[in-house]
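Notes follow the structure.
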Number of protein chains: 2
Amino acid sequence: MKIKTRQRYEARAKIAKALAHPSRLMILDALQQQELCVCELTELVGSDQSTVSKHLAVLKNTGLVEDRKEGSMSVYHNTCQCLDGFFGCMESVLKANFKTQAKLVASL
Amino acid sequence: MKIKTRQRYEARAKIAKALAHPSRLMILDALQQQELCVCELTELVGSDQSTVSKHLAVLKNTGLVEDRKEGSMSVYHNTCQCLDGFFGCMESVLKANFKTQAKLVASL
DNA sequence: TGGCTATATGGCAATTATACCATGTATCCG
DNA sequence: CGGATACATGGTATAATTGCCATATAGCCA
């Protein structure tokens with residue numbers, strides 16, 4: 001049971017790890033709106049095409065996105081609708097941190 | 001504006017990075033129920049005390065937990081209530097992945 | 001004070017992540 | 001066919017993460 005629990009946390013951590021890069025978050029955010037091909041995502045992110053391709057491989061391997069061949073292009077889309085919850089929580093943490101900072105500044 | 005956006009994604013990634021370790025997820029999960037001191041968390045996680053202390057420092061630095069001195073102990077608690085959303089989303093991704101696997105297996 | 005318990009931190013070795021270049025593969029078009 | 005476009009992958013250098021040991025710091029208590 002203890003082992004099962006640990007494996008569960010490792011599985012979750014793998015997902016969190018996939019989210020733990022600004023470029024990948026940017027990609028997921030963009031794919032929330034519409035599906036996009038690699039070249040569009042490459043332009044969006046502003047890194048080398050091979051770099052973006054590897055980021056996409058990470059997301060795909062984690063099950064966060066899927067791809068579809070359309071001619072010579074690969075079109076990616078998000079698999080889950082729950083990312084808004086992720087982002088919302090992140091924002092609330094950031095907001096809370098900001099308030100904490102503000103209090104510190106105000107107390108000077 | 002583009003810069004601001006990038007910084008926003010970097011800030012989010014920092015949070016995701018803090019979540020991207022099984023031990024830290026375990027800690028956060030435990031702290032959802034009740035506040036706990038370092039020695040309790042150390043026993044829970046099963047790593048060296050210094051290791052757990054560093055994990056807690058990461059979580060604290062990210063604003064995900066806060067600590068309180070109680071005698072010679074440090075008692076930690078979560079700062080945000082939204083982690084359930086995180087975990088729920090993770091679980092739904094895992095479940096979706098499992099279904100995908102099941103389909104693959106069934107098609108053999 | 002001296003020793004014990006509870007945490008935090010510095011240091012270091014090993015693992016992992018990241019980015020870009022070069023190159024491979026596949027599709028499309030003339 | 002041959003060239004161009006769109007992606008993916010191997011190689012590799014650099015940076016970041018992780019874990020434990022040793023050690024520092026601080027509160028507690030006799």
Side-chain angles (χ1 to χ4, degrees), chain A residues 2 6-7 9-28 30-31 34-78, chain B residues 6-7 9-28 30-31 34-79:
Chain A
K2 191 69 169 291
R6 181 171 302 278
Q7 289 179 334
Y9 285 117
E10 281 169 5
R12 288 181 175 184
K14 186 184 173 190
I15 297 175
K17 225 173 271 191
L19 296 168
H21 191 289
S23 297
R24 291 196 289 269
L25 289 176
M26 194 180 300
I27 289 170
L28 289 172
L31 294 181
Q34 59 192 309
E35 52 178 23
L36 295 166
C37 69
V38 179
C39 66
E40 290 169 316
L41 291 169
T42 297
E43 185 175 7
L44 171 74
V45 171
S47 299
D48 191 88
Q49 177 269 318
S50 67
T51 300
V52 173
S53 198
K54 285 186 181 176
H55 281 311
L56 288 166
V58 170
L59 294 173
K60 183 178 171 183
N61 179 270
T62 318
L64 289 168
V65 303
E66 287 176 343
D67 64 334
R68 175 170 61 78
K69 281 289 178 188
E70 184 156 323
S72 64
M73 300 191 295
S74 290
V75 183
Y76 283 80
H77 63 273
N78 285 358
Chain B
R6 182 171 301 279
Q7 288 179 336
Y9 285 116
E10 281 169 6
R12 286 181 175 183
K14 186 184 172 189
I15 297 175
K17 224 173 270 190
L19 296 167
H21 191 288
S23 297
R24 290 197 289 269
L25 289 176
M26 193 180 299
I27 289 170
L28 289 172
L31 294 181
Q34 59 192 311
E35 50 178 24
L36 296 166
C37 69
V38 179
C39 67
E40 290 169 317
L41 290 168
T42 298
E43 185 175 7
L44 171 73
V45 171
S47 299
D48 191 87
Q49 176 269 319
S50 66
T51 299
V52 173
S53 197
K54 286 186 180 177
H55 280 312
L56 288 166
V58 170
L59 294 173
K60 183 178 171 183
N61 179 269
T62 317
L64 288 167
V65 304
E66 287 176 343
D67 62 336
R68 175 171 60 80
K69 281 289 177 188
E70 185 156 321
S72 63
M73 300 192 295
S74 290
V75 183
Y76 283 80
H77 64 273
N78 285 357
T79 56

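Protein chains get the first letters and strands the later ones, always in sequence-line order, with residue 1 at the start of each. Side-chain atoms are counted along with the backbone in the values below, which use heavy atoms only and exclude waters and symmetry mates.
With C:dG10, C:dA17, C:dC20 as the candidates, the nucleotide lying closest to the side chain of A:Lys17 is C:dA17. Checked against D:dA8, C:dT7, D:dG19, the side chain of A:Tyr76 finds its nearest nucleotide in D:dA8. Out of C:dC20, D:dC7, C:dT7, the shortest distance to the side chain of B:Val38 is found at C:dT7.
One N or O on the side chain of B:Glu40 and one on the backbone of B:Cys37 form a donor-acceptor pair closer than 3.5 Å. Side-chain atoms of B:Ser53 never come within 3.5 Å of backbone atoms of B:Gln49 as a donor-acceptor pair (strictly under, hydrogens ignored). In this structure, B:Thr79 contributes its side chain and B:Leu64 its backbone to a donor-acceptor pair below 3.5 Å.
Mapping B:Ser50 and A:Lys69 onto DNA chain D via the closest heavy atom, the residue that lands nearer the 5' end is A:Lys69. Closest-nucleotide positions on DNA chain C for B:Cys37 and A:His21 were compared, and the one nearer the 5' end corresponds to B:Cys37. The residue among A:Arg24 and A:Glu70 whose nearest nucleotide of DNA chain C lies closer to the 5′ end is A:Arg24.
Looking at A:Gln49, its side chain comes within 3.5 Å of the base of D:dA8 through a donor and an acceptor atom.
Looking at heavy atoms from C-beta onward, B:Leu44 lies out of side-chain contact with B:Val52 at the 4.5 angstrom threshold.
Within the nucleic acid shown, A:Thr51 comes within 4.0 Å of at least one base atom, counting heavy atoms only. Within the 4.0 angstrom heavy-atom criterion, base atoms lie near A:Ser53.
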Tell me, with the steps shown, if B:His77 and B:Leu31 meet side-chain contact (heavy atoms from CB on, under 4.5 Å). CA-CA 6 Å; B:His77 64 273; B:Leu31 294 181; 5.6 Å; no
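Between the CG atom of B:Asp48 and the C1' atom of D:dG19 there is a distance of 8 Å, rounded to whole Å. Between A:Lys14 atom NZ and C:dT16 atom P there is a gap of 14 Å when expressed in whole angstrom units. B:Asp67 places its CG atom 7 Å from the P atom of C:dA8, with the value rounded to the nearest Å. Rounded to whole Å, atom P of D:dT17 lies 17 Å from atom CG of B:Leu56. The distance between atom NE2 of A:His55 and atom P of D:dT9, rounded to the nearest whole Å, is 15 Å. We find that CZ of B:Arg68 is positioned 16 Å from P of C:dA6, with the value rounded to whole Å. One atom, NZ of A:Lys54, and another, C1' of C:dG24, lie 13 Å apart when rounded to the nearest Å. Atom P of nucleotide C:dA8 and atom CG of B:Leu59 are separated by 12 Å, given to the nearest angstrom.
Contact annotation: B:Ser72 side-chain N/O to D:dG27 OP1/OP2 distance is not under 4.0 Å.
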